[in-house]
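For reference, the structure is listed below as structure tokens.
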Amino acid sequence: MKTNHPIRRFVLASAATVSGIVLLLALKPATDPAAASAQAGAASQQSAGQGSPQGGTAQQSAAGTVLGDVVRTEYGPVQVQLTMSGGRITKADAVQAPAGGTSDQKTELAVPKLNQEAVAAGSADIDSVSGATYTSEGYKKSLQSALDKAKAAGGAAGSAGSSGSSGAASTAPAAQARVVTGTVSDTQYGPVQVRVTLSGKKITKAEAVQAPKGGTSDQKTALAVPKLNQQAVAAGSADIDSVSGATYTSEGYKKSLQSALDKAGV
């Protein structure tokens with residue numbers, strides 16, 4: 001029997017070792033598990049980032065006040081003012097309604113019910129109040145015009161918000177115009193009520209939505225109110241002069257104007 005030479009055994013052992021190393025290298029995964037895990041995590045983060053668009057949360061509509069058209073009825077004008085939030089009516093007010101004689105009682109009876117119905121229904125599809133048909137019909141028409149204005153304003157805002165280049169810096173919005181109606185100030189010759197339009201804290205428009213009328217009051221109102229409106233815009237406050245010959249109307253105007261400014265926080 002031949003005895004294996006020590007060198008031969010060494011050569012064979014070396015060859016076996018090399019073969020084993022080659023085999024292990026062949027079986028080793030092409031990608032390091034730690035690196036693969038890191039890559040998977042990065043891909044997951046990138047995917048999550050792409051799934052959430054910039055500014056993804058929808059902006060809620062800010063609360064605003066909308067004034068309906070003046071509707072002339074057989075017994076006097078009717079005008080509705082709405083407070084809206086997110087496209088929903090949160091408050092309804094009749095800033096003008098028939099007054100004088102039996103109209104006072106009918107208005108006092110009908111208007112609160114109509115206001116409640118407008119908020120509950122969220123539309124102009126409301127019932128007329130028995131005994132105040134003309135006021136009810138005028139209310140519904142003015143209410144519908146206010147809703148139409150609110151809808152149009154919402155559409156314009158949405159269109160403006162969706163325009164522009166992607167990723168461009170957004171420009172700061174201009175001060176939103178607000179319409180605020182003061183409380184009714186009763187005078188010796190009739191009620192006076194002022195409505196102001198504000199941009200920021202500046203009065204841009206002033207109107208008397210109610211003023212004394214009938215007989216000589218018509219002439220005094222026609223003379224005094226335009227001057228008072230101009231003074232209110234120019235002064236930016238209720239610190240304005242009374243118009244000669246229309247003292248009561250002027251005082252009532254200033255009181256209602258001040259209440260509107262107080263409501264607006266000016």
Side-chain angles (χ1 to χ4, degrees), residues 61-100 103-104 106-129 132-158 176-185 190-199 203-213 218 221-222 225-226 228-229 232-233 253 256-257 259-260 263-264:
S61 300
T65 304
V66 185
L67 199 63
D69 296 335
V70 177
V71 178
R72 306 288 175 184
T73 73
E74 187 173 331
Y75 296 99
V78 180
Q79 188 176 29
V80 178
Q81 179 178 275
L82 299 178
T83 301
M84 311 284 294
S85 179
R88 180 173 171 269
I89 301 173
T90 58
K91 187 179 179 183
D93 295 287
V95 295
Q96 288 195 68
S103 293
D104 288 335
K106 291 183 178 181
T107 293
E108 188 176 349
L109 170 70
V111 167
K113 293 183 179 180
L114 294 167
N115 290 339
Q116 290 175 356
E117 286 188 46
V119 174
S123 70
D125 186 15
I126 58 178
D127 296 327
S128 295
V129 175
T133 306
Y134 289 101
T135 298
S136 299
E137 291 306 310
Y139 186 101
K140 288 192 278 187
K141 288 179 181 178
S142 183
L143 170 59
Q144 185 61 59
S145 72
L147 290 170
D148 291 342
K149 290 178 182 179
K151 184 177 180 181
Q176 185 179 8
R178 295 179 294 158
V179 179
V180 184
T181 304
T183 55
V184 177
S185 178
V192 180
Q193 189 175 30
V194 178
R195 180 180 69 218
V196 294
T197 303
L198 298 119
S199 179
I203 301 174
T204 58
K205 187 178 181 182
E207 302 168 277
V209 295
Q210 289 193 66
K213 58 186 176 181
D218 289 335
T221 293
V225 167
L228 293 167
N229 291 339
V233 174
Y253 186 102
S256 184
L257 172 58
S259 73
K263 289 181 182 180

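When reading the values below, keep in mind they use all heavy atoms of this one structure, side chains included, and skip hydrogens, waters and symmetry mates. Predicted, not measured: the structure shown is a model, and the values here were computed from it.
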- Student check: side-chain heavy atoms of V78 and P98 closer than 4.5 Å: yes
- Task: Decide yes or no for P212 and V192: does some side-chain heavy atom of the first lie under 4.5 Å from some side-chain heavy atom of the second?
- Result: yes
- Item | Contact check, side chains of M84 and T90, non-hydrogen atoms, under 4.5 Å | no
- Note on the structure: All heavy atoms of N115 vs all of Y139, minimum pair found to be OD1-OH, 2.6 Å
- Item | Side chain to side chain, L143 and L82, heavy atoms closer than 4.5 Å | yes
- Locate the shortest heavy-atom distance separating Q210 from P191; write the atom from each residue and the value. OE1-CG, 3.4 Å
- Query: Are the side chain of S142 and the backbone of G138 linked by a donor-acceptor contact shorter than 3.5 Å?
  - Reply: no
- Query: Does CG belonging to D125 count more than 12 external heavy atoms closer than 6.0 Å?
  - Reply: no
- Query: Which atoms form the tightest heavy-atom contact between V196 and A206, and what is the distance?
  - Reply: CG1-CB, 4.2 Å
- Query: What residues, two or more places apart in sequence or in another chain, satisfy side chain to side chain contact (heavy atoms under 4.5 Å, CB included) together with T133?
  - Reply: E137
- Which atoms form the tightest heavy-atom contact between L198 and A264, and what is the distance? CD1-CB, 3.8 Å
- Message: Which residue in the set Q81, E207, Q96 passes side-chain hydrogen bond (donor to acceptor under 3.5 Å, both in side chains) when paired with R195?
- Response: E207
- Are T183 and K263 close enough that a side-chain donor and a side-chain acceptor fall under 3.5 Å? no
- Note on the structure: Minimal heavy-atom distance between V66 and A146, with the atoms involved, is CG1-O, 3.3 Å
- What salt bridge (charged side-chain N to carboxylate O under 4.0 Å, His left out) pairs are there with at least one residue in residues 66-80, not counting sequence neighbours? D69-K149
- Residues I126 and A118: closest non-hydrogen pair is CG2-N, 4.0 Å
- Minimum side-chain heavy-atom gap R178-T65 below 4.5 Å: no
- Query: Do the non-hydrogen side-chain atoms of L67 and V95 ever get within less than 4.5 Å of each other?
  - Reply: yes
- Between V225 and N229, is a side chain to side chain contact (heavy atoms under 4.5 Å, CB included) present by the stated rule, with each step listed? CA-CA 6 Å; V225 167; N229 291 339; 3.5 Å; yes
- Evaluate the side-chain proximity of Q79 to V209: yes if any heavy-atom separation is below 4.5 Å, no if none is. yes
- Note, D127 side chain near E117 side chain (heavy atom, < 4.5 Å): yes
